[in-house]
> 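Right, I'll just put the structure down here and ask away after.
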Amino acid sequence: MNARIWKSLMIGLGIPAVGVLVILPLLANTAIRVFGMPLLFVWIFIMFPVTSLCLWIAWRIDEPYYRNAPERTAEEEL
């Protein structure tokens, strides 16, 4: 795989995975509240748009590769 694919994988999958799988357990036992909500819930709600943004950035990195790829039909894939 080339560097562009690794970069898009790290942005599109790595950042959201670290945000949910690593940081979320660290926030599970905190008593901090933001606007009356536990920090854990605030973090989860923040991760929704962050994940979408990361996926969009990863697509923008990979999009030229897919744009220049030849079109394949269903018969060619079988």
Side-chain angles (χ1 to χ4, degrees):
M1 283 195 213
N2 63 22
R4 183 184 346 182
I5 293 172
W6 281 111
K7 186 177 178 182
S8 70
L9 277 174
M10 287 295 103
I11 292 172
L13 296 176
I15 293 173
V18 167
V20 173
L21 298 175
V22 175
I23 296 175
L24 204 61
L26 297 175
L27 300 176
N29 294 325
T30 61
I32 300 171
R33 293 189 172 270
V34 179
F35 301 116
M37 291 177 52
L39 184 59
L40 179 71
F41 294 142
V42 173
W43 183 257
I44 290 172
F45 290 131
I46 288 172
M47 286 308 296
F48 287 132
V50 168
T51 301
S52 297
L53 179 66
C54 289
L55 290 173
W56 180 79
I57 291 170
W59 173 249
R60 296 299 295 168
I61 292 170
D62 274 350
E63 192 263 336
Y65 171 76
Y66 292 109
R67 184 178 353 133
N68 296 332
E71 293 291 325
R72 289 183 281 172
T73 62
E75 293 86 26
E76 292 175 349
E77 292 181 6
L78 296 176

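Just so it is clear, the structure is predicted and the values come from calculations on it, not from any experiment.
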> Pick out which of I46, T51, I44 makes a side chain to side chain contact (heavy atoms under 4.5 Å, CB included) with F48.
I44
> Apply the hydrophobic cluster definition, ILVMFWY joined by side-chain contacts under 4.5 Å directly or through others, and give me every member besides V18.
V22
> Would you name the heavy atoms of R33 and P38 that are closest together and state the gap between them?
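Heavy atoms of R33 and P38 come nearest at NH1-CD, 3.5 Å.
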> Is W59 reachable from I61 through a run of I, L, V, M, F, W or Y residues, each pair having side-chain heavy atoms under 4.5 Å apart?
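I61 and W59: separate clusters.
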> Does any part of the side chain of L24, heavy atoms only, come nearer than 4.5 Å to the side chain of L40, both counted from C-beta?
yes
> Can you tell if the side chain of C54 reaches within under 4.5 Å of the side chain of V50, non-hydrogen atoms only?
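The answer is yes, as the side chains (C-beta and beyond) meet within the 4.5 Å cut-off.
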> Same cluster for L21 and L26 if Ile/Leu/Val/Met/Phe/Trp/Tyr side chains link at under 4.5 Å?
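Different hydrophobic clusters.
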> With I32 as reference, evaluate V42, L39, L27 under the side chain to side chain contact (heavy atoms under 4.5 Å, CB included) test and give the passing residue.
L39
> Give the table of side-chain donor-acceptor pairs shorter than 3.5 Å for residues 7-15, with sequence neighbours excluded, one pair per line with atom names and distance.
residue, atom, partner, partner atom, Å
S8, OG, R4, O, 3.4
S8, OG, I5, O, 2.9
S8, OG, D62, OD1, 3.3
S8, OG, D62, OD2, 2.9

> Name all residues meeting the side chain to side chain contact (heavy atoms under 4.5 Å, CB included) criterion together with L53; count only those two or more places apart in sequence or in a different chain, and write none if there are none.
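Testing L53 for side chain to side chain contact (heavy atoms under 4.5 Å, CB included), a comparison that skips the adjacent residues, returns W56, I57.
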